[in-house]
Asks: 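Take a look at the following structure, please.
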Amino acid sequence: MLRNDPLRNPEALIERVYSYVAYRIGGGADAEDVTSETFERAVRYRHSYDPAHGTPLAWVLGIARRCTNDALAARRHGDVALNEAQAPGDLEAEAADRLELESALAQLPPADAELLSLRYGADLSAKQIAEAMNSTPGAVRVGLHRAHARLRAIVEDGRQEPVPQARIQIQPAP
Amino acid sequence: MRGFFWKRGGEAGLAVRLKRRRERARPEFVNELAREVRSAGGRRFLPSRVLLAAALTLGMLVALASVGGSAGAGVRGQFVSVVESVNNQVTAERGVALRSNDDDDDGGRGGRGDGDDDDDGDDDQYEEDGQECELALQQAHGSFHQQSFTARGHRIYHQRLANALDDCDEIDDDDDD
C-alpha cells in the first residue's frame, strides 16, 4: 500500500470526476467510459502522485481533463457519435432551458467550457480550480467572469460577443 | 425562445441553471469503479530495476570472491566490464521502450510504472519488467560463459543466477494478482 495513496477514498473522487466529464461531453455511457479511463490511468500512475503538488482531487482532475480532451478530439474526428441531447417528451420549459444551455456551452471556447465544467460540473471553488489548472484563484475568477459573459452573449444574441481572450492560461493536463 | 432562460434570473439565474445541469454518477457505477480501484490498490510496485541491479551486482561479488590473487585482477576487470555493458544495454533498451510508450500522465518523465498502452485492463508493465529482467540475466549469463572463471566461481554464479531468475518469475506472477 502506498503511503500517500491519492485513491484511498475513491468514491468522492469518482463522483467529482464523473460530474466534470459529464458536464463537458454529456452524461451517460460516454461519461462513464471517460471516468473509467481516468481512474485506470490514475491507478497506473498513483505512485507518482506527490501531495506537495496538490490535492488528490486536483491530481485526478488533471488526468480527467486529458482524458476528456482526448474524447472530444475523437469526436471531432468522427470516431465517436455525438451524444445528442434529447428532450424527454414534450418541450417543457425546463427541457428547453437545458437544451438552450447545452447549445450555448457547445459554442464556448474550450477554455471557457473547461472552466465552467470545473466550477459547476466538478463543483470546485476558484482556489481548487486554480490548483487543478496550475493557475491563481484571481485568474480563475476573471476567467469565470468572462466565460459567464460570453455564455450570456451567446444566449442573448445568438452569437459570440467579441470579449477579449481570457488571460488565464490553460495548462496541459499532467 | 432564445434568451428565455437567461432573462428569467440574471446572473444568479445563469449560475443556478449551470449548477442544475450538473449530473451525478449512477451509484452502481461509482461503487463498481471504486471496488476496482480498491482491488488494484493491493498491487505491489516492485522495483524491478533495483532487483536486476542487485542480481548482477551479487553475481559480480560472488565472482570476485572466487577469483583471488594477482591472476584474478584481469578477470575481475573483464567481469566488471561485462556487467557494465549488460547494464548499459538494458538501460538503453528500456529508455527506447519508455520513450515510445510514454503516453502516460506523469508529465513525460517516463520511469517506472508507465504501463502498457493496451486496453486489456491489466498492467503488462510487470510482465514486461519480468521478461526484461530475465533477458538481462540471460545475457549476463552468456557473457559470463565467455570468460574463463574458476569452476567454483562458476558453480556459485549458477546458483545465484537461478535465484535471480526465480525473482524475475515473481515479477511476472505479480501481474496475476
Side-chain angles (χ1 to χ4, degrees), chain A residues 1-2 5 7-15 17-23 26-28 31-32 35-37 39-48 59 62-63 66-67 91 93-94 96-98 100-105 116 119-123 148 151-152 155-158 172-174, chain B residues 1-45 47 103-126:
Chain A
M1 183 63 76
L2 297 174
D5 188 359
L7 304 175
R8 192 173 293 133
N9 299 307
E11 282 87 354
L13 295 176
I14 292 169
E15 288 179 357
V17 166
Y18 176 86
S19 294
Y20 162 74
V21 173
Y23 215 92
E32 290 186 353
T35 304
S36 298
E37 187 185 343
F39 279 89
E40 184 185 325
R41 292 192 191 185
V43 165
R44 202 185 297 170
Y45 309 124
R46 67 202 307 175
H47 64 284
S48 68
W59 178 74
I63 300 174
R66 178 169 172 163
C67 292
L91 274 179
E94 190 174 331
D97 283 356
R98 191 179 182 85
E100 192 169 33
L101 186 58
E102 195 98 25
S103 171
L105 284 167
L116 292 174
R119 173 67 189 90
Y120 297 105
D123 198 22
H148 277 127
L151 183 64
R152 184 178 57 198
V155 171
E156 283 184 337
D157 304 333
Chain B
M1 198 63 185
R2 187 168 286 280
F4 173 68
F5 86 90
W6 169 250
K7 290 174 181 173
R8 288 197 310 179
E11 189 76 34
L14 178 61
V16 167
R17 283 167 176 78
L18 284 167
K19 284 178 185 171
R20 189 182 294 168
R21 189 174 173 272
R22 185 175 188 224
E23 293 188 25
R24 297 185 71 85
R26 291 183 299 118
E28 311 89 66
F29 170 72
V30 173
N31 294 335
E32 177 68 17
L33 188 54
R35 190 183 60 76
E36 289 181 14
V37 168
R38 284 206 172 89
S39 67
R43 180 181 283 176
R44 283 186 301 155
F45 292 93
D103 67 339
D104 54 19
D105 295 294
D106 63 356
R109 292 190 299 273
R112 180 71 184 92
D114 287 56
D116 54 318
D117 296 329
D118 59 24
D119 297 311
D120 59 3
D122 62 3
D123 192 344
D124 290 344
Q125 187 69 35
Y126 295 96

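Numbers restart at 1 for each chain; the letters A, B, ... are given by sequence-line order, proteins then strands. For the numbers below, each heavy atom of this structure counts, side chains included, while hydrogens, waters and symmetry mates do not.
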Asks: Quick check: closest heavy atoms across B:A40 and A:V43, and the distance to 0.1 Å?
Replies: CB-CG1, 3.5 Å

Asks: Hey, could you give me the CD/OG distance between B:E23 and A:S19, rounded to the nearest 0.5 Å?
Replies: 8.0 Å

Asks: If we define contacts as heavy-atom pairs under 4.5 Å, which of A:D123, A:V17, A:L116 has the most with chain B?
Replies: A:D123

Asks: Just verifying a value: how many Å separate A:Y120 OH and B:R22 CZ, rounded to the nearest 0.5 Å?
Replies: 12.5 Å

Asks: Between atom NE2 of A:H148 and atom CG of B:L18, what is the distance when rounded to the nearest 0.5 Å?
Replies: 5.0 Å

Asks: Under 4.5 Å heavy-atom distance to chain B, tell me which part of A:A31 shows up: side chain, backbone, both or neither.
Replies: neither

Asks: Is the Lys NZ or Arg CZ of B:R21 less than 6.0 Å from the centre of A:Y23's six-membered ring, within 45° of the axis?
Replies: yes

Asks: Taking the side chain as every heavy atom from C-beta outward, state whether A:R119 and B:K19 have any pair of such atoms under 4.5 Å apart.
Replies: yes

Asks: What pairs with B:R26 under salt bridge (charged side-chain N to carboxylate O under 4.0 Å, His left out), at least two apart in sequence or on another chain?
Replies: A:E32, B:E28

Asks: For B:A25, give me all partners under side-chain contact (heavy atoms from CB on, under 4.5 Å), at least two apart in sequence or on another chain.
Replies: A:Y18, B:F29, B:V30

Asks: To the nearest 0.5 Å, what is the distance between CD (A:E11) and CG (B:L33)?
Replies: 9.5 Å

Asks: Taking side chain as everything from C-beta outward and backbone as N, CA, C, O, which of these in A:L105 sits under 4.5 Å from a heavy atom of chain B? Side chain, backbone, both or neither.
Replies: side chain

